[in-house]
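Just below is one structure, and these are the notes that go with it.
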Amino acid sequence: MIENLKKIINESLLKLDVVKENIVLEIPKDSKNGDYSTNIAMQLAHELNKSPVVIAKEIVENINSLLIEKLEIKGPGFINFYVKKDYLFDNINTILQEQQNYGKTNIGNHQKINIEFVSANPTGTLHVGHGRGAVYGSSLANILSFVGYDVTREYYINDGGNQISNLNKSIKIRYNNLCGSNEELTSNCYHGKEIIDVAKNIYEKYKDKATDEVINEYGLNYLLDAIKKDLSKLRVYFDVWSSEKKMYEKGLVEKTLNKLVNSGYTYDSENALFLKTTLYGDDKDRVLIKSDKSNTYLLPDIAYHFDKYSRGFDLMIDVLGADHYGYINRLKAGIEMMGKKSSNLTIKILQMVRLLKDKEEIKLSKRTGKTVTLNELLDEVGVDATRYFFANKSLDTQLDFDIGLATKKSNENPIYYIEYAHARICSILREYNDKIEIIENYNTINTECAYNLLAKLYEFPNIVSLSAKKYAPHIITNYVYEVANLFHVFYNFEKVLTNDIGKTKERINLVKATNIVIENALSLISIDALERM
RNA sequence: GUCUUUGUAACUCAGUAGGAUAGAGUAAUCGCCUCCUAAGCGGUAAGUCGGCAGUUCGAAUCUGCCCAAGGACACCA
């Protein structure tokens, strides 16, 4: 519809000898201002040296289209379009035909896109903060895939660095305790309860005969499995699990280092090897190899991203916590030095989740083991509410998560409002219990609230595209809330199931179409709506 | 100090690349079930869009400066 109207406006402008590329057409917040509205006359006022209202009049005089019911010029020079409602009725049939495909577009055009998210170090249990990144990444993956991208979901396992040595050490000490020693954890150890569980498992299986290799391998696998289990409980799945250790084994890290050195991007200083990241906008050069000859994390990270580029992705997204902000410039610099375009990599930073209990902050620390785990959260709040809660907020705001509030399960969480609309729809459809068929002409739907609902359903494909372009799943959750709201209004105003069969059939189609849109939207966030409440 | 995110109703947040009288939910208050689920609908009240300047027909949105909060500024990840 928008494209059609733009064409109509353009034709009208041609008669005024004006050519304008980017005509802005929007859906006014207030339906008193039409179905669609354009500010074109105001934009041309300066250029044509005429008052916007005069220009608007000239444009309107040249418009003659069957699509349009009525045109109005209002305010400082807005042209408001009232469109014939036929397209809304046609769209009901479109939705019924396309079903779970309604809303799909092909803006991705099969481009390969890689989304790396969560990637938590396997040194402990996932906590609430990881949940935010997990929900964001998985929802975004759903959305991008829905609009035609070829999406790969990837988790990078940091199983090669310092933290793993500390993990191994921690498990070993806990294990030794079980074997009778009085050793105590040192300050760089992990104090989480799950470390004790690992040690217990090892002890049960191997008694006091476990070698270091056994302990290390068992520990990593145990913790990774736990992470996978928690993620699957949150409905988060990955296509690729990359391992840092394997990258070393395949020689990718070494190759990367050689390339950086040979290209002259490094220099020795203070017994360490530095990378000239300032060449690409970083505020200081970064150490690649420390004076004790071990790597910093930057080197394998550059190697890892180079590997992703080599695997042929057109676009890449990393989802990282706010504490990684400083990392972006040096990583992108490294990528450029490896001969790749760093602009193909988008790094989405998610602001911190602050945990509160009764308005008091709980300080999180994996080291000391004081966390609220993702698993506990899911047990208390449920998957659907948790996913909605996280997905509903833009990434840029820091998020206060009050455990007390979340567990209340009250209607503070708007997911219940949406699920209620869905449950009402399901109830109607159960009761109707007859075939749903395409209707050529909708004759009896003519109320304001039905039009509003239909117009909202019509927006869905555009909303999905917008949310994909902006990498913003919360646009979907806001949208589906509005759909639910308009449905509740409709539901209160009009009865669907009546003795008038023709009327009932038309309304049933509208209700069914609403249901399809709600389910499609929720499925992009991986939320299952209840059929009964 | 430098970089960065945020600041919108009492609270939690939207605000669709600059639009019309700034919107929802929660909390407050007043109505609405003989009827498909009242976890709903409608009404009222609640705002210096952190502050000041600028850009223009028009600013919560863009620019500059200031204030406040979070995060980052390691040979940690």
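When reading the values below, keep in mind they use all heavy atoms of this one structure, side chains included, and skip hydrogens, waters and symmetry mates. As the structure is a computational prediction, the values presented were derived from the model and not from experiment. Just so we're on the same page: letters track the sequence lines, and every chain starts at 1.
- Below the 3.5 angstrom threshold, one finds a donor paired with an acceptor across the side chain of Asn39(A) and the base of rG19(B).
- OP1 and OP2 of rG19(B) both lie 4.0 Å or more from every side-chain N or O belonging to Asn33(A).
- Residue Ser37(A) places a side-chain atom within donor-acceptor reach of the base of rA20(B), judged by atom type and a 3.5 Å distance cut-off alone.
- In this model, a side-chain donor or acceptor of Ser291(A) finds a partner on the base of rC75(B) within 3.5 Å.
- The base of rC57(B) is not paired with the side chain of Gln43(A) by any donor and acceptor separated by under 3.5 Å.
- Closest to the side chain of Ala272(A), from the set rG71(B), rU6(B), rC75(B), is rC75(B).
- The Tyr420(A) side chain lies nearest to rU37(B) when the options are rU37(B), rC75(B), rC35(B).
- Interface residues of residues 52-59 of chain A facing RNA chain B, ordered by number: none; criterion, heavy-atom separation under 4.0 Å.
- Here Phe117(A) and Tyr155(A) keep their ring centres 6.0 angstrom or further from each other.
- Residue Ile40(A) contributes atom CD1, which lies 14 Å from atom P of rG18(B) at whole-angstrom precision.
- Side-chain nitrogen and oxygen atoms of Lys284(A) include none within less than 4.0 Å of the OP1 or OP2 phosphate oxygen of rU2(B).
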Distance-only check: which donor-acceptor pairs under 3.5 Å involve side-chain atoms of residues 474-487 of chain A, not counting sequence neighbours?
from	atom 1	to	atom 2	distance (Å)
Thr477(A)	OG1	Asn392(A)	OD1	3.1
Thr477(A)	OG1	His474(A)	O	2.9
Asn478(A)	ND2	His474(A)	O	3.3
Tyr479(A)	OH	Lys456(A)	O	2.6
Glu482(A)	OE1	Lys456(A)	NZ	2.6
Asn485(A)	ND2	Tyr417(A)	OH	2.9

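- Taking the side chain of Ile428(A) as heavy atoms from C-beta on, and the options rG19(B), rC36(B), rA38(B), the nearest nucleotide is rC36(B).
- Nucleotide rC32(B): paired with rG40(B) (Watson-Crick or G-U wobble, both distances less than 3.5 Å).
- Ion pairing between Glu116(A) and Lys308(A) holds under the 4.0 Å rule for side-chain N and carboxylate O.
- Considering only side-chain atoms of Asn492(A), the nucleotide from rG40(B), rC75(B), rC36(B) that sits closest is rG40(B).
- Among the nucleotides rC41(B), rG70(B), rU37(B), the one closest to any side-chain atom of Gln351(A) is rG70(B).
- Using a 4.0 Å cut-off between a side-chain N of Lys or Arg and a carboxylate O of Asp or Glu, Glu244(A) and Lys246(A) do not qualify as a salt bridge.
- The aromatic rings of Phe146(A) and Phe460(A) lie tilted to each other, with the angle between the two planes from 30° to 60°.
- Here rC36(B) presents its C1' atom at 18 Å from CD of Glu506(A), a figure rounded to the nearest Å.
- The phosphate of rC73(B) has neither OP1 nor OP2 within less than 4.0 Å of any side-chain N or O from Arg330(A).
- Closest approach to the Gln398(A) side chain among rA69(B), rC57(B), rG40(B) is made by rA69(B) (side chain taken as heavy atoms from C-beta onward).
- Look at Tyr417(A) and you won't find any side-chain N or O under 4.0 angstrom from OP1 or OP2 of rU37(B).
- Geometrically, Lys393(A) engages Phe389(A) in a cation-pi contact, judged by NZ or CZ lying under 6.0 Å from the ring centre and within 45° of the ring axis.
- Annotation: of the two residues near RNA chain B, Met533(A) and Gly326(A), the 5′-most nearest-nucleotide partner is Met533(A).
- Residue-nucleotide stacking is not present for Phe78(A) and rG19(B), judged by a side-chain ring centre under 5.5 Å from the six-membered base ring centre and planes under 30° apart.
- Listed in residue order, the members of residues 463-484 of chain A having a heavy atom less than 4.0 Å from RNA chain B are Leu466(A), Lys470(A), His474(A), Asn478(A), Tyr481(A).
- Along RNA chain B, the nucleotide closest to Leu298(A) and the one closest to Lys74(A) are compared, and the more 5′ of them pairs with Lys74(A).
- Inspection of the Glu26(A) and Ser37(A) side chains reveals no N or O donor paired with an N or O acceptor under 3.5 Å.
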